[in-house]
Amino acid sequence: MTDNSSNKMWGGRFAAGPDAIMEAINASIGFDKRMAAQDIAGSRAHAAMLAATGIITDNDAAAIREGLLTILSEIEGGTFEYSTSLEDIHMNVEARLKEVIGEPAGRLHTGRSRNDQVATDFKLWVRDQLDAFEGGLIALIQALLGQAEAGADWVMPGFTHLQTAQPVTWGHHMMAYVEMFGRDLSRVRDARARMNESPLGAAALAGTSFPIDRDMTAQALGFDRPAANSLDAVSDRDFALEFLSTASICAMHLSRFAEELVIWSSAQFRFVTLSDRFSTGSSIMPQKKNPDAAELIRAKVGRIFGANTALMMVMKGLPLAYSKDMQEDKEQVFDAADNLMLALAAMEGMVRDMTGNRTELAAAAGSGFSTATDLADWLVRVLGLPFRDAHHVTGALVGMAEQQGCDLPDLTLAQMQSVHDGISESVFDVLTVENSVNSRMSYGGTAPAQVRAQVARWQELLA
Ligand code: ARG
């Protein structure tokens with residue numbers, strides 16, 4: 001790869017080209033070619049601005065802008081030849097521009113530097129990912145709303161410590177995830193609004209003596225405004241970190257739900273049947289249907305959070321302004337973005353296709369003394385017992401049922417009265433799981449009517 005000539009783009013003061021190892025550690029073209037479209041968009045905006053401000057001629061700008069489109073089609077058509085000796089996407093494109101249009105190509109880099117160029121390209125790339133992230137979240141939330149609406153009144157056990165706690169509704173459980181992914185959605189929107197300032201025109205670090213118009217390039221690239229400090233503009237990677245941290249929290253949510261789907265789809269739970277489209281078989285055990293997609297989603301948080309940690313470590317000791325360390329930002333973000341989008345899409349597909357097993361859910365909802373709290377509440381409400389005493393009486397009844405090998409509603413009235421003689425027939429009304437969930441009408445509670453109200457609220461929010 002190494003030849004003896006110095007670098008075409010910056011080699012003026014160099015007598016010899018780089019060592020092969022130097023080239024290998026320095027080059028980013030192997031990965032930053034993913035920002036080709038953003039690089040060309042940024043350069044086209046810059047060229048138009050250079051002409052509008054009289055820094056270069058209209059003819060030169062037109063040749064540059066046209067030549068860049070030619071290069072874009074070469075890249076999209078797969079005919080563009082990338083060169084490692086040209087280090088990165090910025091110099092690969094500019095060198096090719098020279099071949100395509102000749103002398104005017106050399107005027108493109110007036111009043112800018114690769115430092116503001118790479119910050120601009122990367123921001124545009126991350127911004128596209130935030131938009132895709134938003135779309136993926138909305139699709140997933142809609143899939144969850146579909147499940148919640150269909151099963152607003154299906155009863156199932158609610159757990160704490162993964163021990164049966166109180167009956168809840170399927171819809172309520174789905175809506176818990178809607179809230180989580182809804183917060184992710186608001187984080188994505190916040191991050192996008194905050195990051196949308198243009199670094200272009202910050203030049204190497206200090207701005208430029210050319211009379212550039214940064215508002216014009218900012219507007220052309222869909223930014224809200226130019227970034228206000230040139231040192232900060234070229235050295236800021238907060239936008240990438242916000243993407244990664246938002247992605248990490250979302251991946252953590254995906255992982256929690258994936259974990260539940262793994263448990264729920266097991267033969268021991270049978271709460272849910274995953275579709276064939278989102279399951280796999282075993283090569284040795286013919287009976288098996290494995291929740292591989294859920295397991296992989298559960299694992300993705302590892303690499304996404306790893307990317308977040310890695311970039312934090314890259315950035316934490318860097319003095320202002322640009323340092324080459326920052327070239328290590330892209331692979332982390334690319335990998336995290338690819339895997340996040342895949343995980344979101346897989347989760348959306350699984351949720352759309354899965355079947356909640358209503359019968360198994362209901363059977364499990366009634367077991368494990370899940371209405372014990374309802375019984376204690378009845379003792380408070382009807383007999384006027386202090387809650388602590390009611391808790392004690394209920395505990396004795398649970399112990400009795402456990403001893404008899406039955407559930408609370410299976411105890412006779414006489415057996416109950418042997419623990420507390422005030423208990424009357426009407427206690428049996430609160431021991432059914434349906435009555436239990438229907439009674440939890442407090443705002444945000446599990447009653448089907450509350451669930452339906454939350455589904456309607458979210459449908460309106462997303463409409
Ligand atoms: N490939 C570089 C990167 O990804 C572009 C910026 C290079 N700037 C410089 N001063 N060497 O960060």
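Computed over heavy atoms, backbone and side chain alike; hydrogens, waters and symmetry mates excluded. For ligands, and for the atoms within them, numbers begin at 1 and follow the listed sequence.
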**Q** When you compare the side chain of F278 with that of M354, does any pair of heavy atoms fall below 4.5 Å?
**A**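 With C-beta onward as the side chain, the pair stays apart.
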
**Q** Who's the nearest protein heavy-atom neighbour of atom 3 (C) of ligand 1, and how far?
**A**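 Answer for atom 3 (C) of ligand 1: Y322 OH, 3.2 Å.
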
**Q** Just which atoms of ligand 1 are under 4.0 Å from any heavy atom in S28?
**A**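 Those atoms are 1 (N).
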
**Q** State, yes or no, whether a side-chain contact exists between E74 and R96 at a heavy-atom distance under 4.5 Å.
**A**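 Side chain of E74 against side chain of R96, heavy atoms only: contact under 4.5 Å found.
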
**Q** For atom 8 (N) of ligand 1, what is the closest protein heavy atom, and at what distance to 0.1 Å?
**A**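 Sorting protein heavy atoms by distance from atom 8 (N) of ligand 1 puts N115 OD1, 2.9 Å first.
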
**Q** Students should be able to answer this: which protein heavy-atom is nearest to atom 11 (N) of ligand 1, and at what distance?
**A**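 Nearest protein contact, heavy atoms only, for atom 11 (N) of ligand 1 is R114 NH2, 3.5 Å.
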
**Q** So W264 and F271, would you call those rings parallel, tilted or perpendicular, with 30° and 60° as cut-offs?
**A**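 If you compare the ring of W264 with that of F271, the planes turn out tilted.
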
**Q** Numbering the atoms of ligand 1 from 1, which are under 4.0 Å from a heavy atom of K330?
**A**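 This gives 3 (C), 4 (O), 12 (O) as the contact atoms.
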
**Q** With the side chain counted from C-beta on, respond yes when D238 and M195 share a heavy-atom pair under 4.5 Å apart, and no when they do not.
**A**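 In short, these two side chains do not touch, never coming nearer than 4.5 Å.
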
**Q** At under 4.0 Å between heavy atoms, which part of H90 makes contact with ligand 1: side chain, backbone, both or neither?
**A**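 Within the 4.0 Å criterion, H90 contacts ligand 1 through side-chain atoms alone.
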
**Q** Does a donor on one side chain sit under 3.5 Å from an acceptor on the other, for N357 and T273?
**A**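 Judged by distance alone, the side chains do pair up.
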
**Q** Which residue and atom name correspond to the protein heavy atom nearest atom 1 (N) of ligand 1, and how close is it?
**A**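 Here the nearest protein heavy atom works out to Q327 OE1, 2.8 Å.
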
**Q** Side-chain contact, heavy-atom cut-off 4.5 Å: N26 with K324?
**A**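 Side chain of N26 against side chain of K324, heavy atoms only: contact under 4.5 Å found.
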
**Q** Could you identify the single nearest non-hydrogen protein atom to atom 5 (C) of ligand 1 and state the distance to 0.1 Å?
**A**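 Answer, as residue, atom name and distance: D88 OD2, 3.4 Å.
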
